[in-house]
Amino acid sequence: MEITITAPHGFSFKRTVISHGWYDLPPFEFDEKNWTLSRVIDTGEARPVTAKVSAAGRDLKVSLSRKIGKRAASKIERHVRHMFRLDDDMAAFYEVMAQDSDFEWIAKAGAGRLLRSPTVFEDLVKTISTTNCSWALTKKMIDGLIGSLGRRGSDGRRDFPTPEAMASMTERFYRDEIRAGYRAPYLKELAERVAEGSLDVETWLGSELPTSELKREMKRVKGVGDYAAENLLKLVGRYDVLALDSWVRSTFARIHNGGRASADKKIERYYSRFGEWRGLALWCDMTREWMDRDEQFTTW
DNA sequence: GCGTCCAGGTCTACC
DNA sequence: GGTAGACCTGGACGC
């Protein structure tokens, strides 16, 4: 079964897929050869379904692992639109970028849509799992969570675990099985708070709080510090934060400072001209070469 | 194979 | 508000 989803003008499937590391973390599965991104999606039915997303001209083609009903199909479309940020209005961002010769490539390339998970909860758990460790360890933790707790779909692949499933496990499980180390109590506590309803992280998506207050709220979650909160802010559509980590600092040093380490203040000054878009401008700047290496520097 | 060092953000205690 | 040290893992390195 297939669904076609209309993408906005200027949307780049490839740029969005590899906009950051999420495509490399399950339940996302990236097929580099055929340029497809698939993942298990919970439609609220007995079994989750696997959706394989690819570009079809300017639109998106979603191939499903089994036949589903109208309601489930509409849920899949909603999730795909959310993950690929198809409803984000990029016009204002592109207009600002077009004023600067070093950044005008962004609109032409259709960059700036950051891939995200179907839920803020999944993005939050993944973000905590990226902090203070190598990417290999992050993958190991997420692999472990999904392999142990993810609901199996019709084709045997697993979805990201629900807060309830994560809350039901012990701290020892996170420490010994997931290898989450000192993050173990944080993951357990987060899952419990979300499962019992005392913390609703999905509301961060439409929050009307100023960014600084929303960031403060995010940092009340154990394991979420400045970097994690700012990374998450970008995923919920706030770009007036930079989310500086070691990779961004070293990349900035290489690209803009002759290889010498830069003070955070200098990085902040460099992107301050982009105002509310500075975080997204920074990220596009840092990742520009991810696709320059290939031939795919066109919008489609 | 073993021990040591280091990188990677966040938390807590302290000033 | 700022800072130091602990937290924990895995990889790199030397022996």
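Letters A, B, ... mirror the listed sequences (proteins, then strands); counts begin at 1.
Using a cutoff of 4.0 Å between basic side-chain nitrogens and carboxylate oxygens, A/R39 and A/E122 are scored as salt-bridged. A/D31 and A/K52 are not joined by a salt bridge, as no carboxylate oxygen comes within less than 4.0 angstrom of a charged side-chain nitrogen. Ionic pairing of A/R249 and A/D264 is present here: one or more N-O contacts between side-chain nitrogen and carboxylate oxygen are shorter than 4.0 angstrom. A salt bridge does not link A/R113 to A/D88: none of the charged side-chain nitrogens sits closer than 4.0 Å to a carboxylate oxygen.
OP1 and OP2 of C/dT9 both lie 4.0 Å or more from every side-chain N or O belonging to A/K140.
Remark: A/G181, A/Y182 in residues 180-189 of chain A come within less than 4.0 Å of DNA chain C through at least one heavy atom.
Boundaries of the chain A contact region on DNA chain B are B/dG8 to B/dT12, first to last in 5' to 3' order (nucleotide atom under 4.0 Å from a heavy atom).
Atom CG of A/D176 is separated from atom P of C/dC8 by 11 Å (rounded to the nearest Å). We find that NZ of A/K222 is positioned 13 Å from C1' of C/dC7, with the value rounded to whole Å. In this entry the distance linking OH of A/Y174 with P of C/dT9 reads 16 Å, nearest Å.
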Does A/R66 form a salt bridge (Lys or Arg N to Asp or Glu O under 4.0 Å) with A/D155? I'd like the steps, not just the answer.
CA-CA 9 Å; A/R66 62 179 165 81; A/D155 60 353; over 6 Å; no
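For A/E164, the CD atom counts as densely surrounded, since its 6.0 Å shell holds more than 12 non-hydrogen atoms of other residues, nucleotides or ligands. Within 6.0 Å of NZ on A/K215 lie more than 12 heavy atoms contributed by other residues, nucleotides or ligands.
Using cut-offs of 30° and 60° on the angle between ring planes, the pair A/Y270 and A/F103 is tilted.
Comparing A/R179 and A/N132, the nucleotide of DNA chain C nearest to each residue sits closer to the 5' end for A/N132.
Residue A/S134 is out of contact with every strand shown, counting any heavy-atom pair closer than 4.0 Å.
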